[in-house]
Protein chains: 2
Amino acid sequence: MREEDKPEIRKLLLFRDMSTENFDRLMQAAYAQTFPAQLELIRQGEPADFLHIMMEGTVELFSGWRDRETTMAVVRPVSTFILAACIKDAPYLMSARTVEKSRIIMIPAKDLRATFRLDPEFAVSTITELASCYRSVVRHAKSLKLRNSRERVAAYIYRQSSLAGNAASFVLPVEKRLLASLLGMTPENFSRAIKSLQSDGVAMDGMRIIITNMKSLEAVAGPDTLIDGSDPLSGFPAATAPSI
Amino acid sequence: MREEDKPEIRKLLLFRDMSTENFDRLMQAAYAQTFPAQLELIRQGEPADFLHIMMEGTVELFSGWRDRETTMAVVRPVSTFILAACIKDAPYLMSARTVEKSRIIMIPAKDLRATFRLDPEFAVSTITELASCYRSVVRHAKSLKLRNSRERVAAYIYRQSSLAGNAASFVLPVEKRLLASLLGMTPENFSRAIKSLQSDGVAMDGMRIIITNMKSLEAVAGPDTLIDGSDPLSGFPAATAPSI
DNA sequence: CTGTCTCGTTGATGCAGATCAAACCTTCCG
DNA sequence: CGGAAGGTTTGATCTGCATCAACGAGACAG
């Protein structure tokens, strides 16, 4: 891995508080790799051998059952993914594939487990990180169970705008079909949902969303910090959080 | 709290490995309380002040948005709940109410946080517990997104049977409307789903489920350890896990 | 420039599941 | 006992969303 990656990783909440000695040893065991787009990095069910750190690019976490597939999360730099499986030394519950060319650093799970037994600060950071991940999935599940698809789309748009500093306009960070899957609907339905939101202050031009009436959108979205909020996941302030 | 509770709690994975000294101190700060049925113990959005430990009874974790409500989990003895909110010192994402009269032990969140900073073994246990909780919610979300309601009901029945040692018959542990909400459907739809499973080896008599054709049920349920499995959540072997 | 490919949109149709309403059944309590 | 209250089931109806099919628009290679 590159030497200039280390300070970036060190900034992550997960690695910020551990001793320099332990951090360096962990980094020594790690290695970086660059993957092309559409490559399956992880297959659900396989043993979890590595903690992954996104340095550049985009990765989709998804799950399959029978012939169906759904997006569980989209990961952007700089953040880690599939921490829990590594900790439990259990099979991955989700698969991962690159959405675009991505550079990823991989840390052997056993080094990780050894380190939080050695370094109490790292243990505390791991606890905090896991609690955040847990709460993030709970929010996802709440959104799915409590809102219909139109409301989920509205809430998504409202949230993205908030994250961009209440911007009246922003560009969707990933393909619409991927967003649709993340939000638990078909691409067709996503398309129709946005169209139906025209009457509630949302316009679209290609990948760009334009909010023409924030109050109206807010009324549909019904934003709720207990669903749409985010605990700081990776040590970034909320305004720059890498969430999709 | 009762003296005889302590060994029960000590058996939990979360508390098993910590030092006796720290365990005793934590227990000293704790207190037990008995609540009647249908009492709201926790309201979502409020600050998380206590880790709760179920000793007797049943508690429903649920969430609301606007005028809607959904069950997120059902907790049975002996296990802890809302660990993550306590750790993050953040607002509860879920509410909790007793389903029946319940005895619950409450540990101040700040003592908890202080303890895993002091006791590395407790920190490691907390990490493992949180990772399990995380994976449990991921499974819940996967089931919701990947299966239709008939399949979720079938998978639920198949799983309960497995947990009871592949029993051909078992009694539903909670009200049907609660189960329906947990499985993400209306009570009416739950009722119809079971009825439609008659042709696939499921019969019902009041609260008792009778599996008349395990192979057939299995074919519908499509059980998958990456959705229906459970990492040991509370240190009980899978066969006696307190899951609902 | 022109075919090909993938993504996105639109329309038509079908179905799963919600909603509404009523009957039934149990539990509980005066 | 009797009657109220809540849970469950059933039927009728409605609708949100999926599915299927077709078409348009960029992106890209030849």
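Below, read A as the first sequence line, B as the second, and so on, with proteins coming before strands; counting in each chain starts at 1. Atom set for the values below is all heavy atoms of this structure, side chains included, hydrogens, waters and symmetry mates excluded.
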### Message
Set out, in order, the CA-CA distance, both residues' side-chain angles and the distance that settles side-chain hydrogen bond (donor to acceptor under 3.5 Å, both in side chains) for B:S95 and B:R43, then state yes or no.
### Response
CA-CA 4 Å; B:S95 301; B:R43 188 166 309 226; over 6 Å; no
Rounding to an integer number of Å, can you tell me how far [X] [atom1] sits from [N] [atom2]?
{"X": "B:M204", "N": "C:dT26", "atom1": "CE", "atom2": "C1'", "result": "14 Å"}
{"X": "A:L183", "N": "D:dC17", "atom1": "CG", "atom2": "C1'", "result": "14 Å"}
{"X": "A:I194", "N": "D:dC17", "atom1": "CD1", "atom2": "C1'", "result": "16 Å"}
{"X": "A:F190", "N": "C:dT10", "atom1": "CZ", "atom2": "C1'", "result": "16 Å"}
{"X": "A:M207", "N": "D:dA27", "atom1": "CE", "atom2": "C1'", "result": "13 Å"}
{"X": "B:R68", "N": "C:dT19", "atom1": "CZ", "atom2": "P", "result": "8 Å"}
{"X": "A:N189", "N": "C:dA16", "atom1": "CG", "atom2": "C1'", "result": "14 Å"}
{"X": "A:E151", "N": "D:dC17", "atom1": "CD", "atom2": "P", "result": "9 Å"}

### Task
Compare side-chain N and O positions of A:T186 against OP1 and OP2 of D:dA18 and report whether any pair is under 4.0 Å apart.
yes
### Test side chain to side chain contact (heavy atoms under 4.5 Å, CB included) applied to B:I105 and B:H52, step by step
CA-CA 6 Å; B:I105 289 173; B:H52 291 58; over 6 Å; no
### Query
Near DNA chain D, under 4.0 Å by heavy atom, which residues of residues 141-150 of chain A?
A:N148, A:S149
### Query
Under 3.5 Å, is there a donor-acceptor pair between the B:K88 and A:S132 side chains?
yes
### Row check, A:F35 ring normal vs A:R103 NZ/CZ: under 6.0 Å, within 45°
no
### Message
On the six-membered ring of A:F170, is A:R208 placed so that its NZ or CZ lies under 6.0 angstrom from the centre and within 45° of the ring axis?
### Response
no
### Query
Are B:D200 and B:K215 within salt-bridge range, i.e. N to O under 4.0 Å?
no
### Summary
On DNA chain D, more 5' by nearest nucleotide between B:E175 and B:K195 is B:E175
#### Entry: Donor-acceptor pair present, B:R192 side chain and D:dG11 base, under 3.5 Å
yes
### Query
What pair of heavy atoms forms the shortest contact from B:W65 to A:G222, and how long is it?
NE1-O, 2.8 Å
